[in-house]
There are 2 protein chains.
Amino acid sequence: MYEGLKGFRDFYAGEQSARREVTDALEDAAARYGFREVATPALERTAMYVDKSGEEIVDELYAFEDKGGRAVALTPELTPTVARMVVAKGQELSKPIKWVSTRPFWRYEQVQQGRFREFYQTNIDVFGSAAPEADAEVLAVAADALTDLGLTGDDFEFRVSHRDVLGGLVRALAADPDAVDTEAAIRAVDKRAKVDDGEYLGLLADAGLDRATAREFDDLITGVDDPADLDRVAAAGGADVAAAVENLRRVLAAADDFGAGEFCEISLTTARGLDYYTGVVFECFDSTGEVSRSVFGGGRYDDLIESFGGQPTPAVGVAPGHATLKLLCQRAGVWPDEELTTDYYVLSVGDTRATAAEIARDLRALDGVVVETDVSDRSFGAQLGYADSINAETVVVVGERDLANGEVTVKDMASGDETTAPVEAFPPESGRPTYEDYA
Amino acid sequence: MYEGLKGFRDFYAGEQSARREVTDALEDAAARYGFREVATPALERTAMYVDKSGEEIVDELYAFEDKGGRAVALTPELTPTVARMVVAKGQELSKPIKWVSTRPFWRYEQVQQGRFREFYQTNIDVFGSAAPEADAEVLAVAADALTDLGLTGDDFEFRVSHRDVLGGLVRALAADPDAVDTEAAIRAVDKRAKVDDGEYLGLLADAGLDRATAREFDDLITGVDDPADLDRVAAAGGADVAAAVENLRRVLAAADDFGAGEFCEISLTTARGLDYYTGVVFECFDSTGEVSRSVFGGGRYDDLIESFGGQPTPAVGVAPGHATLKLLCQRAGVWPDEELTTDYYVLSVGDTRATAAEIARDLRALDGVVVETDVSDRSFGAQLGYADSINAETVVVVGERDLANGEVTVKDMASGDETTAPVEAFPPESGRPTYEDYA
C-alpha cells in the first residue's frame with residue numbers, strides 16, 4: 001500500500017463536488033467581467049524566481065535539475081509566469097489584458113491548517129491599465145465571487161492599503177531618507193499583526209527608523225478609519241504621499257461605483273509581503289476574526305513586466321487561495337454540501353438492458369441531467385442500495401413484467417412513493433423532469 | 001526576458017477557450033453518466049512507478065529528491081494515483097466507483113507533433129465491476145464526448161481487442177507454453193504497426209515464438225473483421241481464449257445497447273503497451289488515417305488495485321489525451337474557434353461611470369452574459385477599438401448628452417446599426433438580450 005506525500009491531498013468525489021462549486025463561482029464571476037482563461041505550465045526555470053526574490057527562495061521551492069541539465073522549479077505562484085507570457089506576446093495582445101486561471105501551486109513549507117505544500121488558487125489579473133478602475137474591477141470581481149458563494153458584508157472585508165503611502169511616509173519621517181530601507185519597513189508593517197510590539201519596532205529599527213520615528217509612523221498608519229483621516233496622512237508626507245493618497249481615494253470611489261464599496265475599508269497596516277507590489281494592495285479578512293489569517297490578497301505590481309524585459313505595463317490582480325477560502329466559507333456556514341447528487345438511476349432487472357439503456361440515454365440528452373444505470377450485473381436490491389448511496393432522486397425500474405405492458409415503475413427515493421409510466425413517457429419533452437412529472 | 005521550457009506550453013486566451021470547450025465536452029459527457037470528479041496530486045513517491053514498471057521508467061520521469069529526502073516524481077499518468085486512492089478508501093466507497101478528472105501529466109520524452117512533456121488528459125474510470133457493461137459504458141462515454149464535439153462515425157473508430165485472447169493464443173500456439181513470454185508477445189503486437197515485418201517477427205521470436213508459429217499467430221489476429229470471425233480464433237485457443245472471446249462479444253453487445261456499437265470494430269492487432277492491462281483494450285483512431293497515431297486508448301486493468309495492496313477490484317477506464325484529440329478535431333474541421341466572445345461592452349464617456357457601471361452590473365446578473373466596461377480611462381475611439389478586439393456583439397454607449405435625456409445609445413457591432421434606448425431598459429427582464437431587443 002502506497003501513501004501520498006505530506007502536504008499533498010487526494011480529493012474524493014464528495015469533497016471535490018464542493019470544491020468544484022467554489023471554483024466555478026470564482027471563475028464564473030471573472031468570466032462575467034470578461035476575464036479570459038489561460039493555462040500555464042507547472043514547471044519554469046528556477047532562475048525566474050531567483051532573479052526576482054534572491055537565492056533564499058530556492059529553500060521554499062520544489063527545485064531540481066531536469067534530465068537535460070536545466071534548473072527547474074514547480075511554480076510557487078502564477079505572477080512570474082503570466083508576466084513572462086505578457087512579455088512574450090505583449091505587443092500582439094490588445095490592452096487591457098484580463099486573465100483568469102485556477103490551478104495548483106507548490107511550496108516546500110510547514111503544513112498547517114489551511115496551508116499545504118500543494119495548494120490551489122484562482123488568479124485574476126489585469127495588465128495594461130494604470131487607472132483606478134482596474135484596481136476597483138479586481139475588488140469587484142472578488143466581491144461578486146464571495147457573495148455568489150453566499151457570503152455577505154457581515155462575513156468578510158477587504159482591507160485596502162497603498163504601498164506608496166507607506167513607503168512615502170517612511171521616507172518623509174526618517175531623519176535621512178536615503179538611509180532608510182523602504183522595502184524592509186513595508187515588510188515590517190506586513191508582520192505587524194504577527195509579532196509582538198518589541199519585535200515590530202525592532203524590524204522598523206533594522207529598516208532605519210529610530211524608535212520615536214517608528215512610533216510616529218505607526219500612529220499615523222493606525223489612525224486611519226475613514227477617507228477623511230487620510231488628510232492627516234497626506235499632510236505628514238511629501239507630494240508622493242499626497243499622490244498615493246489621492247490614488248487610494250480614487251480606487252475606493254471606483255469600487256463604490258462598481259458595487260464593491262461596502263466590502264472595502266482603509267487599512268494602512270495592510271502591506272502584503274511580496275516585494276513586487278507597488279500601489280494599492282489589499283487583503284480579504286474574516287469580519288468575525290474567527291479565521292485569523294488573511295483569506296487572500298492582491299494588489300498592483302506596475303514594475304514587474306518591465307523588470308521581466310517587457311514594455312512598461314501596469315498590472316493589478318488578486319489570487320483567492322482555496323484552502324483559506326474554505327475556512328471562511330465553513331465559518332460562515334456556506335461551504336457547499338460534500339455530497340453526490342444524481343437525478344436518475346435506471347434500474348434494469350431481467351432481460352431489459354436494451355430498454356433501460358435507451359431510457360438512460362434519453363434522460364441524459366436533457367440538459368444537465370445525471371443518470372446512472374447498472375454496469376455491474378446486480379440484483380434489484382443491490383441496485384436499489386447503490387441508487388441510494390449516490391443519492392438518486394428518482395429510480396426508473398425497468399422490469400420484464402411491466403415492460404410486457406409497455407410500462408416502467410418510477411420511484412421517488414425521498415418518499416418511497418412509486419407509480420407506473422408508459423415507456424413512451426421517455427424522453428420527457430425537456431427540462432429536468434422529477435417524480436412529480438410521472439405521478 | 002525569460003523563456004518557457006521545451007515541451008511545456010503557454011495557452012493564451014483564444015486557444016484556451018477552444019481547449020475549454022473540448023474539456024467541457026469530455027467532462028460533461030462523463031458527468032451525465034454519473035462519473036464524479038476527483039482531484040489528485042502532481043507529485044507521488046517514485047517507488048509507486050518503479051515497483052510497477054521497473055527502474056527504467058525513471059528515465060521517462062521528472063523524478064527528484066525533495067527537501068525532506070523523499071524520492072518523488074511528477075505524475076506521468078493517473079492510473080497508479082487513483083489505484084492508490086481506491087486502496088486507501090476502498091471499503092468505504094460504494095461500488096462501482098466512477099471517477100473523472102482532467103489535469104496535466106509529465107514525461108521527459110522527445111517533443112513531436114501532438115506529444116509534449118506536459119500533456120493533458122481526461123481520465124474516466126470505473127472500479128469494482130467486472131461486468132461487460134462497465135467496459136461498454138466507458139466506450140459509450142467516450143463516443144458521446146466525441147459526437148458532442150461534432151465528430152461522427154465517419155471520423156473515428158474504436159478498435160477493440162482483448163489481452164486474454166492475445167495471451168491465450170500465444171500460449172496455445174507455442175511449442176512450450178511455459179517458455180513463452182506472453183507480455184513480451186503482447187508488446188510486440190502493440191508495436192506491429194510501428195515497425196517493419198522483420199522487426200515485428202524478431203520481437204515475437206524474442207518472446208519465444210518461432211517464425212512459423214509467429215506467422216500462424218499473426219494470421220489469426222489479422223483475419224478477424226467481424227464477430228463471426230472470432231469463432232476461428234476461439235477454436236484455435238484453449239478454454240481461456242474461448243472465455244475471452246465470449247467476454248469480448250458481450251462487451252460489444254453491451255456497447256450496442258449503450259449506443260456506442262456503431263463506433264466499435266474488432267481489431268485483435270490492437271494491444272496497448274502498458275503491462276497492467278488485463279481484458280478488453282481499445283484504441284480510438286482517425287477513420288481517415290490522416291492522424292496516423294492512436295488518438296487515445298483504454299481498457300481493463302483488473303489486477304492493479306490488488307497489486308497495490310487493496311481488495312481484488314476489477315477496473316476499466318479510458319483517458320483521452322487532449323493534444324491528439326485536437327489533431328483529430330482539426331482534421332475533421334470541428335476544432336472550436338480560437339476566438340474571444342463578448343456579449344456587451346459598456347462604453348463610458350464623460351462623467352458617466354456610475355451609470356455605466358450600474359448597466360454593466362445589471363447585464364452581468366443575467367445568466368452567462370459576458371460584459372466588459374472601461375477600466376483604462378480611455379477615449380471613445382480607444383474604447384470602441386478595444387470592444388472590437390474582444391469581439392463585443394453589442395456596445396452600450398453611456399454619454400453625458402444621451403444621459404441628460406435618460407437614454408443610452410445601443411450599437412450592433414456586426415452591422416454598425418445603432419439606436420437609443422432608455423436607461424430603464426437595463427436590466428432587461430431575462431435571457432441574453434441582443435441589439436434586436438433594443439432596436
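Each chain gets a letter, A, B and so on, in the order its sequence line appears, and its residues count up from 1. Everything numeric here is computed off the predicted structure, so don't read it as measured data.
In this structure, the portions of B:R364 lying under 4.5 Å from any heavy atom of chain A include both its backbone and its side chain. If you measure heavy-atom distances from B:K89 to chain A, the contacts under 4.5 Å come from both the backbone and the side chain. For B:R378, the part sitting under 4.5 Å from any heavy atom of chain A is the side chain, from C-beta outward, and nothing else. Both the backbone and the side chain of B:V371 come within less than 4.5 Å of a heavy atom of chain A. Residue B:E37 touches chain A through both its backbone and its side chain, counting heavy-atom pairs closer than 4.5 Å. If you measure heavy-atom distances from B:D343 to chain A, you find no contacts under 4.5 Å at all. Residue contact with chain A, scored on non-hydrogen atoms closer than 4.5 Å, is absent for B:V100. Heavy atoms closer than 4.5 Å to chain A are found in both the backbone and the side chain of B:R353. Of the two parts of B:T341, only the backbone, made up of N, CA, C and O, holds a non-hydrogen atom closer than 4.5 Å to a non-hydrogen atom of chain A. The contact between B:Y12 and chain A is made by backbone and side chain atoms together, counting heavy-atom distances below 4.5 Å. Both the backbone and the side chain of B:P96 come within contact range of chain A, each with at least one heavy atom under 4.5 Å from a heavy atom of that chain. Heavy atoms closer than 4.5 Å to chain A are found in the side chain of B:L93, but not in its backbone. Using a 4.5 Å cut-off between heavy atoms, A:Y386 contacts chain B through its side chain alone, with no backbone atom that close. Both the backbone and the side chain of B:A253 come within contact range of chain A, each with at least one heavy atom under 4.5 Å from a heavy atom of that chain. With a threshold of 4.5 angstrom between heavy atoms, A:R117 approaches chain B through side-chain atoms but not through N, CA, C or O. For A:L74, the part sitting under 4.5 Å from any heavy atom of chain B is the side chain, from C-beta outward, and nothing else. B:F64 touches chain A through its side chain: at least one heavy atom from C-beta onward sits under 4.5 Å away, while N, CA, C and O do not.
In terms of modelled atom types and a separation under 3.5 Å, the side chain of B:T342 and the main chain of B:I390 share a donor-acceptor contact. A distance-only check finds a donor-acceptor pair linking the side chain of A:T313 to the backbone of A:Q311 [under 3.5 Å]. A donor-acceptor pair under 3.5 Å is formed between the side chain of B:S129 and the backbone N or O of B:A131. Put simply, the side chain of B:K6 never gets that close to the backbone of B:F116: no donor and acceptor are under 3.5 Å apart. Of the possible donor and acceptor atoms, one in the side chain of A:T46 sits under 3.5 Å from a partner among the backbone N and O of A:V72. Using a distance-only test at 3.5 Å, with no hydrogens or angles considered, a donor-acceptor pair links the side chain of A:R9 to the main chain of A:E118.
For B:F308 and A:Y2, the ring centers sit closer than 6.0 Å to each other.
The aromatic rings of B:W106 and A:W106 lie perpendicular to each other, with more than 60° between the two planes, well past the 30° mark.
For the set A:D51, A:T355, A:L363, the count of heavy-atom pairs under 4.5 angstrom toward chain B peaks at A:D51. Options A:G68, A:A136, A:G310 differ in how many heavy-atom pairs under 4.5 Å they form with chain B, and the most are formed by A:G68. Of the residues considered (A:A254, A:G385, A:G128, A:A382), A:A254 shows the highest number of contacts with chain B, using heavy-atom pairs under 4.5 Å.
Counting non-hydrogen atoms of other residues, nucleotides and ligands closer than 6.0 Å to CZ of A:R250 gives a total of 12 or fewer.
For a heavy-atom cut-off of 4.5 Å, chain A lies close to B:A31, B:R32, B:Y33, B:G34, B:R36 in residues 29-36 of chain B.
Counting only N and O atoms by type, the side chains of B:E372 and B:Y344 include no donor and acceptor under 3.5 Å apart. Side chains of B:E44 and B:T81: a donor on one and an acceptor on the other come within 3.5 Å. Defined by atom type and a distance below 3.5 Å, a donor-acceptor pair is present between the side-chain atoms of A:T102 and A:E27.
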